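One structure is given below, encoded as structure tokens.
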Amino acid sequence: MAALFSDVVVAWYRQFGRKDLPWQQNPTAYRVWVSEIMLQQTQVATVIDYYQRFMQVFPDVQKLAGATSDEVLSLWSGLGYYARARNLHKTAQQVVADHGGEFPDNVADLETLPGIGRSTAGAITSFAYKKPAVILDGNVKRVLARVHAIKSWTGETQTLKQLWEIAEEETPQQNIAAYNQAMMDLGAMICTRSRPSCEACPLTNHCQAFKQNLQNDLPLAKPKKTLPEREGRMLVLLQDDTILLHKRPSPGIWGGLWCFPEYDAALLQQFNIAQQQVGEVSSHTFSHYRWHIRPEYIWVKNKLPRLNQDFIWYNPDKPNNIGLAAIVKHWLVAQHEEIK
DNA sequence: TAGACGTGGAG
DNA sequence: TCTCCAAGTCT
């Protein structure tokens, strides 16, 4: 008789799974929550440094709740999907205000908090509270899609529903933290997107894709779409040692982050221009469009106008704790190189 | 409900 | 250089 799926998974975890990730040490709900949000659509290797820095500054939910949004976004700068950071801040404040500083210990209540969906709620419930809960992240989807030889794109509503049902059936009542972590580890280490290591996989006996030699074809790739292209101009206004930055509206791309203002004739009119120069176009690819941005360098004589709160003169030599869009960080680094 | 929402690593 | 997409959620 074949061994129970979850037993095989847990046994594999005991021997080969990851146990040294930063958020696995002292896995309180707060620490697990922060890691799960950072890990959404983001790889472990990228997250580790951000996580360490974040925990250094915000060791508990009260500290985070009491921070300014600039402080939070500055620690998120470069990680992307900034709505995660804005929601993180909101949720911290809600947890302190409405839950006495303690995160709920069940999926239903966790899901009511901003930025926490079904899978993240399952992760917090299982990893922090050791209570049975189902997760379905990209890793688990890939493993289950192969094990069950699911021949439709995992993003389809119907397929997603099916995957949740399968995940619920397979998830055990015991050893929940080990099982859930194991499924993610299998997806990340063995059952990888390309060239899965089936020779090292404990699940080949259970795997329909392996039996049908479909492991390289499943899960099915997302249907292709051509990315829309957009063009734009940004103003790099320089005055003495400072650069004019604009706080971008949220929601929206780079919402809440400080960035060069997009071209604005009315804004320009307020300045006494000493010199200007058109720069080279740089292209930025997002998940839903490609943006070709041409910078216009403008040296101005006056600092004046009545700039509202959404504008600041930023001095790169005196870094402030504000969230900079990656494009600004990169530009500052490039400038620094040039000066040297 | 499909589109919005970032960035960087892998192949 | 280019394409794909990773520990998803929100609207």
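Each chain gets a letter, A, B and so on, in the order its sequence line appears, and its residues count up from 1. Please read these numbers as outputs of a predicted model, since none were measured by experiment. No hydrogens, no waters, no symmetry mates; every other heavy atom, side chains included, goes into these values.
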Next on the checklist: What contact category does A:Lys225 fall into here, base, sugar-phosphate, or nothing, at under 4.0 angstrom with non-hydrogen atoms?
Outcome noted: sugar-phosphate
Checklist entry - Is A:Glu111 reaching over with its side chain to a backbone N or O of A:Ala121, donor-acceptor style, under 3.5 angstrom? => result no
Checklist entry - Of the options A:His246, A:Lys247, A:Met234, which is the one that meets A:Cys259 in a side chain to side chain contact (heavy atoms under 4.5 Å, CB included)? => result A:Met234
Checklist entry - Counting any heavy atom closer than 4.0 Å, what does A:Ala45 reach on the DNA or RNA strands: base, sugar-phosphate only, or nothing? => result nothing
Next on the checklist: If only side-chain N and O atoms count, and only distance matters, is there a donor-acceptor pair under 3.5 Å linking A:Gln40 with A:Thr120?
Outcome noted: yes
Next on the checklist: Using the P atom as the point on both nucleotides, what is the distance between B:dG3 and C:dA7, in whole Å?
Outcome noted: 23 Å
Checklist outcome for this item: note: A:Glu111, atom CD; C:dC10, atom C1'; distance rounded to Å ~ 12 Å
Checklist entry - For atom P, what is the distance between C:dT9 and B:dG8, given to the nearest Å? => result 23 Å
Checklist outcome for this item: Of the candidates C:dC5, C:dC10, C:dA7, the side chain of A:Ala188 sits closest to C:dA7
Checklist entry - Could you give the CH2-to-P distance, from A:Trp76 to B:dC5, as a whole number of Å? => result 18 Å
Checklist entry - Looking across every strand, which nucleic acid part, if any, lies under 4.0 Å from A:Arg118 by heavy atom: base, sugar-phosphate, or nothing? => result sugar-phosphate
Item to check | Distance, rounded to the nearest Å, where A:Leu227 contributes CG and C:dT3 contributes P | outcome: 8 Å
Checklist entry - Which atoms form the tightest heavy-atom contact between A:Cys201 and A:Ile190, and what is the distance? => result CB-CG2, 3.6 Å
Next on the checklist: Please determine whether a side-chain nitrogen or oxygen atom of A:Arg142 lies at a distance below 4.0 Å from atom OP1 or OP2 of C:dC5.
Outcome noted: no
Item to check | Nearest-angstrom distance from the residue atom NZ of A:Lys222 to P of B:dA4 | outcome: 11 Å
Check the interface with nucleotides 7-10 of chain B: list each N/O to N/O pair with the protein under 3.5 Å, or write none.
from: B:dT7; atom 1: OP1; to: A:Tyr82; atom 2: OH; distance (Å): 2.9
from: B:dT7; atom 1: OP1; to: A:Trp254; atom 2: NE1; distance (Å): 3.4
from: B:dT7; atom 1: OP1; to: A:Ala326; atom 2: N; distance (Å): 3.3
from: B:dT7; atom 1: OP2; to: A:Trp254; atom 2: NE1; distance (Å): 2.8

Next on the checklist: Please tell me if A:Lys224 has a side-chain N or O lying less than 4.0 Å from either OP1 or OP2 of C:dT3.
Outcome noted: no
Checklist entry - Where each residue is assigned the nucleotide of DNA chain C containing its nearest heavy atom, which of A:Pro114 and A:Val44 is assigned the position nearer the 5′ end? => result A:Val44
Item to check | Residue mapping more 5' on DNA chain C - nearest nucleotide basis, A:Asp185 or A:Lys90 | outcome: A:Asp185
Checklist entry - Are more than 12 heavy atoms from other residues, nucleotides or ligands located less than 6.0 Å from atom CD of A:Gln174? => result no
Checklist entry - Are any of A:His288's side-chain N or O atoms less than 4.0 Å away from OP1 or OP2 of B:dA4? => result no
Next on the checklist: Whole angstroms only, please: what is the CG-C1' distance between A:Asn87 and C:dG8?
Outcome noted: 12 Å
Checklist entry - Among side-chain atoms of A:Trp258 and A:Asp70, is any donor-acceptor pair under 3.5 angstrom? => result yes
Checklist outcome for this item: Rounded to whole Å, OH of A:Tyr289 lies from P of B:dA2 at a distance of 21 Å
Checklist entry - Phosphate oxygens OP1/OP2 of C:dT9: is one of them under 4.0 Å from a side-chain N or O of A:Thr120? => result yes
Next on the checklist: What is the distance, to the nearest angstrom, from the CZ atom on A:Arg290 to the P atom on C:dT1?
Outcome noted: 13 Å
Checklist entry - What orientation do A:Trp33 and A:Phe103 show, parallel under 30°, tilted 30 to 60°, or perpendicular over 60°? => result tilted
Checklist entry - Rounded to whole angstroms, how far apart are CE on A:Met38 and P on C:dG8? => result 15 Å
Checklist outcome for this item: Side-chain contact check for A:Met184: nearest option of C:dA7, B:dG6, B:dA2 is C:dA7
Checklist entry - In terms of heavy-atom contacts, does NZ of A:Lys222 have more than 12 from other residues, nucleotides or ligands at under 6.0 Å? => result no
Checklist entry - At under 4.0 Å between heavy atoms, what does A:Arg18 touch on the DNA or RNA strands: base, sugar-phosphate, or nothing? => result base
Next on the checklist: Over all strands shown, is A:Trp23 touching base, sugar-phosphate only, or nothing at heavy-atom distances under 4.0 angstrom?
Outcome noted: base
